*Asks:* 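Input: one structure, supplied below.
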Amino acid sequence: MMRIGMVCYPTFGGSGVVATELGKALAKQGHHVHFITYEQPVRLGSFHENVFYHEVHVADYPLFDYPPYALILASKMVDVVRHEKLDLIHVHYAIPHASSAFLAQNILREQGIKLPIITTLHGTDITLLGKDPSFEPVIAFAINQSNAVTAVSKSLQAETLETFEVNRPVKVIPNFFCPSHFAAGRNEAMRKVYAPKGEKLLIHVSNFRPVKRVLDVVRVFAKVRESLPAKLLMVGDGPDRAAVETLCRELSICEDVVLLGKLKNPIEAISTADLFVLPSESESFGLAALEAMAAGVPVVASDTGGIPEVVEHGTSGLLSIVGDIDKMAENALEILSTKERHDAFIAGALKNADTFRVDRIVPQYEALYLQLVQ
Ligand code: GMT
């Protein structure tokens with residue numbers, strides 16, 4: 001049994017979801033998992049054996065326009081490691097977690113306590129923010145100080161090595177899904193609500209940031225809708241939501257587009273759909289696409305970053321270059337063209353997703369932890 005600290009963003013982002021599911025899976029194996037973050041992670045749920053949650057309280061002090069979260073987090077890590085006797089800390093998303101962990105590690109070393117750190121890179125911590133000169137020196141340093149570094153795809157591994165002078169191996173451990181979350185199958189009752197006349201149901205799930213190209217989702221849908229009765233569910237919220245609403249009005253398709261906002265469990269919504277649309281500008285992995293595949297929902301996505309490592313073109317979905325709306329709509333129509341074709345992609349999605357089952361991936365993290373604590 002190991003005592004593991006898990007540091008992540010508690011929000012709807014994929015990195016927080018991966019950290020939470022990893023922690024839950026490790027706890028089921030008998031390890032003690034201590035989440036350290038500023039809010040309860042959205043997918044943590046209520047009560048799990050061997051799972052503990054330590055909240056980082058950010059002090060509201062008049063001097064601070066920007067409370068120094070990275071420092072408060074480092075102090076909390078020191079406290080939890082000392083009192084819960086943690087064997088290691090696994091941080092998800094380098095900024096600022098890897099640098100806070102480095103600080104905590106050094107403070108603990110002064111006290112005679114060894115703290116191995118594993119940093120998992122998730123994507124925008126490298127591809128967008130990490131490259132920014134306002135973060136780059138600190139992130140490069142913190143990555144190099146971690147005792148082990150993992151990336152969620154080969155594409156992100158390559159980009160990390162191109163972006164930073166990394167002096168240690170970056171191991172690829174892909175993201176995963178838990179089959180038990182998909183056991184309920186297709187939600188026919190909800191399908192009747194959102195596609196009452198048997199329309200094809202397309203879905204998109206994201207944080208509506210520019211990197212997700214949510215306007216492309218709407219444009220692809222509008223083209224699909226010209227050829228067949230269809231509805232679009234959009235799950236999530238973020239900076240581009242208003243632009244989505246405006247575009248739907250301009251295209252006069254509001255009655256066929258439902259913006260559901262943020263959902264704690266998007267799997268229920270994904271499981272009602274016929275097709276998942278992910279036209280991102282860049283995507284280190286595309287956890288939402290994997291969740292769609294695991295629910296038996298084929299994917300139309302852009303051929304970028306780690307997506308082709310997750311969605312097998314021609315098997316679980318169809319990929320095309322970023323921004324090619326016509327091709328994405330054509331791909332969507334091809335998948336949905338006949339029941340036989342759609343069923344073949346559904347079967348392909350389920351088969352393809354199986355490679356990323358929790359029981360295939362989590363042991364890779366466990367093996368890495370064991371190497372570090374020996
Ligand atoms: O930028 C995001 O989309 C959020 C970010 C996160 O913190 O969750 O997502 C990244 O990590 C996910 C989990 O590993 C990956 O599935 C996403 O592809 C990745 N996002 C990007 O690379 C844009």
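As the structure is a prediction and not an experimental result, all values here were calculated from the model. In each ligand, atom 1 is the first atom listed, and ligand 1 is the first ligand listed.
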*Asks:* Examine the proximity of ligand 1 to D125 and report which part, side chain or backbone, both or neither, has a heavy atom under 4.0 Å away.
*Replies:*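 Neither; no heavy atom under 4.0 Å.
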*Asks:* Any atoms of ligand 1 less than 4.0 Å from a non-hydrogen atom of S282? List them with their elements.
*Replies:* 23 (C)
*Asks:* Would you mind listing which atoms of ligand 1 come within a distance below 4.0 Å of any non-hydrogen atom of R209?
*Replies:*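 Close to R209: 1 (O), 2 (C), 3 (O), 4 (C).
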*Asks:* Would you say G16 has any N or O atom under 3.5 Å from an N or O of ligand 1, going by distance alone?
*Replies:*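 No; the residue has no nitrogen or oxygen that sits under 3.5 Å from a nitrogen or oxygen of the ligand.
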*Asks:* One residue to check: Y93. Relative to ligand 1, which of side chain, backbone, both or neither has a non-hydrogen atom less than 4.0 Å away?
*Replies:* side chain
*Asks:* When rounded to the nearest 0.5 angstrom, what distance separates NE2 in H97 from CD1 in I89?
*Replies:* 11.0 Å
*Asks:* Would you say the side-chain atoms of E84 and H32 include a donor-acceptor pair closer than 3.5 Å?
*Replies:* no
*Asks:* Quick check, are the ring centers of F52 and H34 under 6.0 angstrom apart?
*Replies:*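 Between H34 and F52, which both carry aromatic rings, the centre distance is below 6.0 Å.
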*Asks:* Would you mind listing which atoms of ligand 1 come within a distance below 4.0 Å of any non-hydrogen atom of V152?
*Replies:* 14 (O)
*Asks:* Which ligand 1 atoms, with their elements, are less than 4.0 angstrom from a heavy-atom of S284?
*Replies:* 15 (C), 17 (C), 18 (O), 19 (C), 21 (C), 22 (O)
*Asks:* Are the aromatic rings of F356 and F285 close, with centres under 6.0 Å apart?
*Replies:* yes
*Asks:* Distance under 4.0 Å to a non-hydrogen atom of K212: what atoms of ligand 1 satisfy this?
*Replies:* 3 (O)
*Asks:* Considering only the protein, which heavy-atom contact is closest to atom 21 (C) of ligand 1, and what is its distance?
*Replies:*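 Answer, as residue, atom name and distance: E283 OE2, 3.5 Å.
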*Asks:* Answer with side chain, backbone, both or neither: which part of N175 has a heavy atom less than 4.0 angstrom from an atom of ligand 1?
*Replies:* side chain
*Asks:* Considering residues at least two apart in sequence or located in another chain, which fulfil the side chain to side chain contact (heavy atoms under 4.5 Å, CB included) criterion with A230?
*Replies:* K200, L202, F221, V224, L228
*Asks:* Taking a cutoff of less than 4.0 Å between a non-hydrogen atom of the residue and any ligand atom, is E281 in contact with ligand 1?
*Replies:*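 Under 4.0 Å: no for E281.
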*Asks:* Under 4.0 Å from a heavy atom of N207: give me the atoms of ligand 1 that qualify, with their elements.
*Replies:*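 Matching atoms, with element in brackets: 2 (C), 3 (O), 4 (C).
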*Asks:* Check each atom of ligand 1 against the heavy atoms of G286 and keep those under 4.0 Å away; list them by number with element.
*Replies:*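 Going through ligand 1 atom by atom, the ones under 4.0 Å from G286 are 15 (C), 16 (O), 17 (C), 18 (O).
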*Asks:* In Å and rounded to the nearest 0.5 Å, what is the CD1 to OG1 distance from I95 to T124?
*Replies:* 7.5 Å
*Asks:* Which of the atoms in ligand 1, numbered in the order shown and given with their element, are less than 4.0 Å from a heavy-atom of G13?
*Replies:* 8 (O)
*Asks:* I'd like to know if the side chain of S302 pairs up with that of S280 as donor and acceptor (distance under 3.5 Å, no hydrogens or angles considered).
*Replies:*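 No - no donor-acceptor pair under 3.5 Å links their side chains.
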*Asks:* For the 3.5 Å polar cut-off, considering only N or O atoms, please tell me whether V211 and ligand 1 meet it.
*Replies:* no
*Asks:* Does the separation of the ring centres of H92 and Y9 fall below 6.0 angstrom?
*Replies:*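 Centroid distance H92-Y9: not below 6.0 Å, so no.
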*Asks:* Under a plain distance cut-off of 3.5 Å, with no hydrogens placed, do E21 and N175 share a side-chain donor-acceptor pair?
*Replies:* no
*Asks:* Has ligand 1 got any nitrogen or oxygen that is less than 3.5 angstrom from a nitrogen or oxygen of G123?
*Replies:*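 No, no N or O pair falls under 3.5 Å.
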*Asks:* Please say which of R186, K231, R341, K339 ends up in a salt bridge (charged side-chain N to carboxylate O under 4.0 Å, His left out) with D274.
*Replies:* R186
*Asks:* Between L287 and ligand 1, find which residue part has any heavy-atom pair under 4.0 Å and reply side chain, backbone, both or neither.
*Replies:* both
*Asks:* Side chains of Y369 and H90: is there a donor and an acceptor less than 3.5 Å apart?
*Replies:* yes
